Amino acid sequence: MKSQEILESLTPDLIEEIFSSIHALDKASYRSLIQSLATRKKLRPVYLERKPRIERHLWMRDQLVWSSNRDLSDQVLQIWLLSACQPMICDFLDKLKIPHDGQGIVDVLPKEPDASLVQKTVKSLLETYPPIQVAVYLQFFADMADTPWEELQKLLTTNEQLRLHKTEPSLP
């Protein structure tokens, strides 16, 4: 799934959690996101800033699901995952023996590890972390990989805990 499809599939509660987390952990990125979305819609950022936070966040999500905003939807998921979900990402990479910088950043993604190791790692993540966070991360990871990992793709389509489904738009 592409990042905008992932965001489109999330519940309003999780959208609120994602944007609130970004606001709390990386205010500069949050402000930049508001500025970018406002500019693309030919609005002044103050228009968005004056909206109640929950309404603002749902509006932001509704804008990010457009393919023209893929760069921003990628950025939102990257910021959220690497800040709020960093232990899960590091755990995933460690269990797959993929070298990273200790914060979940990988310089070069190797070919897919052994299928049984991928299965075992995904099972462990689902037992340890909230399944929705695991699903979002793995769907995003699978889309970002240059070479698709066949076993991971199989798990994303067959494991109900990892499947994300479209939700209704939040605002009319």
Side-chain angles (χ1 to χ4, degrees), residues 1-30 32-33 57 60-61 64-67 69-168 170:
M1 293 181 89
K2 295 181 182 345
S3 57
Q4 63 269 31
E5 295 171 317
I6 294 170
L7 288 170
E8 188 174 25
S9 73
L10 303 179
T11 64
D13 288 341
L14 187 53
I15 291 298
E16 177 59 26
E17 179 184 324
I18 289 169
F19 286 116
S20 292
S21 174
I22 293 170
H23 181 265
L25 299 171
D26 192 347
K27 286 187 183 358
S29 292
Y30 184 85
S32 175
L33 178 62
H57 292 164
M60 291 165 67
R61 189 281 303 261
L64 291 169
V65 300
W66 291 94
S67 59
N69 289 326
R70 171 131 190 219
D71 60 324
L72 297 176
S73 58
D74 284 349
Q75 182 182 11
V76 164
L77 289 178
Q78 286 171 348
I79 293 167
W80 177 64
L81 288 166
L82 289 171
S83 58
C85 304
Q86 187 178 63
M88 175 185 65
I89 293 170
C90 291
D91 193 17
F92 173 75
L93 297 171
D94 290 343
K95 287 182 176 167
L96 292 176
K97 298 174 180 60
I98 297 173
H100 58 94
D101 69 351
Q103 297 180 1
I105 306 288
V106 176
D107 288 329
V108 177
L109 192 62
K111 292 182 181 178
E112 182 173 25
D114 180 66
S116 64
L117 182 58
V118 173
Q119 292 170 3
K120 181 179 169 186
T121 298
V122 170
K123 181 180 180 204
S124 174
L125 290 179
L126 288 168
E127 292 169 350
T128 309
Y129 303 98
I132 188 66
Q133 289 180 359
V134 175
V136 168
Y137 172 64
L138 293 178
Q139 291 285 354
F140 187 61
F141 177 88
D143 184 54
M144 299 300 282
D146 293 332
T147 306
W149 289 8
E150 289 180 29
E151 186 60 29
L152 182 57
Q153 293 292 341
K154 181 177 138 195
L155 289 170
L156 291 173
T157 57
T158 60
N159 185 322
E160 192 58 36
Q161 289 182 291
L162 299 176
R163 294 176 71 193
L164 299 173
H165 308 282
K166 285 189 177 184
T167 59
E168 293 299 314
S170 36

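Note that this is a predicted model, so its numbers are computed, not measured.
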Chemist: If you round to the nearest 0.5 Å, how far is CG of Leu93 from CZ of Phe141?
Modeler: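 The distance works out to 6.5 Å.
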Chemist: Check Ile6 against Ser9 and note the closest heavy-atom contact, atom names and distance.
Modeler: O-OG, 2.7 Å
Chemist: Can you establish whether the number of heavy atoms outside Glu150 located under 6.0 Å from its atom CD is more than 12?
Modeler: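 Incorrect, the count does not exceed 12.
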Chemist: Going by the rule salt bridge (Lys or Arg N to Asp or Glu O under 4.0 Å), which residues pair with Asp13 if we only count those two or more places apart in sequence or in a different chain?
Modeler: none
Chemist: Donor-acceptor pair, Ser124 side chain versus Lys120 backbone, under 3.5 Å?
Modeler: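 Such a contact is absent between Ser124 side chain and Lys120 backbone.
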Chemist: Atom OG1 in Thr11, atom CZ in Arg61: separation rounded to 0.5 Å?
Modeler: 8.5 Å
Chemist: Take Ile132 and Leu10 through the test side-chain contact (heavy atoms from CB on, under 4.5 Å) and record every step on the way to the result.
Modeler: CA-CA 9 Å; Ile132 188 66; Leu10 303 179; 4.2 Å; yes
Chemist: Mind checking whether Met88 and Val134 have side chains closer than 4.5 Å, heavy atoms only?
Modeler: yes
Chemist: Tell me the side chain to side chain donor-acceptor pair (under 3.5 Å) pairs involving residues 106-115, sequence neighbours left out?
Modeler: Asp114-Ser116
Chemist: Looking at every heavy atom in both Gln103 and His100, which two are closest together, and how far apart are they?
Modeler: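 So the two residues come closest at N-ND1, 4.0 Å.
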Chemist: Looking only at heavy atoms, what is the nearest atom pair of Cys90 and Gly102, with distance?
Modeler: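 Distance-wise, the nearest heavy atoms are SG-O, 3.6 Å.
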Chemist: Nearest 0.5 angstrom please: Gln78 CD to Met144 CE, how far?
Modeler: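 So the CD of Gln78 and the CE of Met144 are separated by 5.0 Å.
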Chemist: Quick one: pull up OG in Ser20 and OH in Tyr30 and give me the separation to the nearest 0.5 Å.
Modeler: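 Rounded to the nearest 0.5 Å, the OG-OH separation comes out at 7.0 Å.
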Chemist: Side-chain contact, heavy-atom cut-off 4.5 Å: Arg70 with Asp74?
Modeler: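 Heavy-atom side-chain distance check passes, below 4.5 Å.
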Chemist: Measure from the side-chain N and O atoms of Asp94 to the backbone N and O of Lys97, and report whether any donor-acceptor pair falls under 3.5 Å.
Modeler: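 The answer is no, because no donor-acceptor pair under 3.5 Å joins these two groups.
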Chemist: Are there over 12 heavy-atom neighbours, none belonging to Lys95, within less than 6.0 Å of that residue's NZ?
Modeler: yes
Chemist: Minimum heavy-atom separation for Ala84 and Leu25, please, with both atom names.
Modeler: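 Nearest pair, atom of Ala84 first, then Leu25: N-CD1, 4.2 Å.
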Chemist: When you measure from the side chain of Thr128 to the backbone N and O of Leu125, does any donor-acceptor pair fall under 3.5 Å?
Modeler: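 Checking the backbone N and O of Leu125 against the side chain of Thr128, no donor-acceptor pair under 3.5 Å is found.
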Chemist: Rounded to the nearest 0.5 Å, what's the gap from CH2 on Trp66 to CG on Leu7? Could you check?
Modeler: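 Trp66 atom CH2 to Leu7 atom CG measures 14.5 Å (nearest 0.5 Å).
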Chemist: To check you understand the geometry: which heavy-atom pair defines the closest contact between Val136 and Leu77, and what is its length?
Modeler: CG1-CD2, 4.1 Å
Chemist: Considering non-hydrogen atoms only, spot the tightest contact between Ile22 and Val76 and give its length.
Modeler: CD1-O, 3.7 Å
Chemist: With the side chain counted from C-beta on, respond yes when Val65 and Ser73 share a heavy-atom pair under 4.5 Å apart, and no when they do not.
Modeler: no
Chemist: Determine, using ring centers only, whether Tyr129 and Tyr137 are less than 6.0 Å apart.
Modeler: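 Ring centroids of Tyr137 and Tyr129 are no less than 6.0 Å from each other.
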Chemist: To the nearest 0.5 Å, tell me how far Glu16 CD sits from Ile18 CD1.
Modeler: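 It comes to 10.0 Å.
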Chemist: Would you find a donor on one side and an acceptor on the other, under 3.5 Å apart, between the side chain of Gln133 and the backbone of Pro130?
Modeler: no
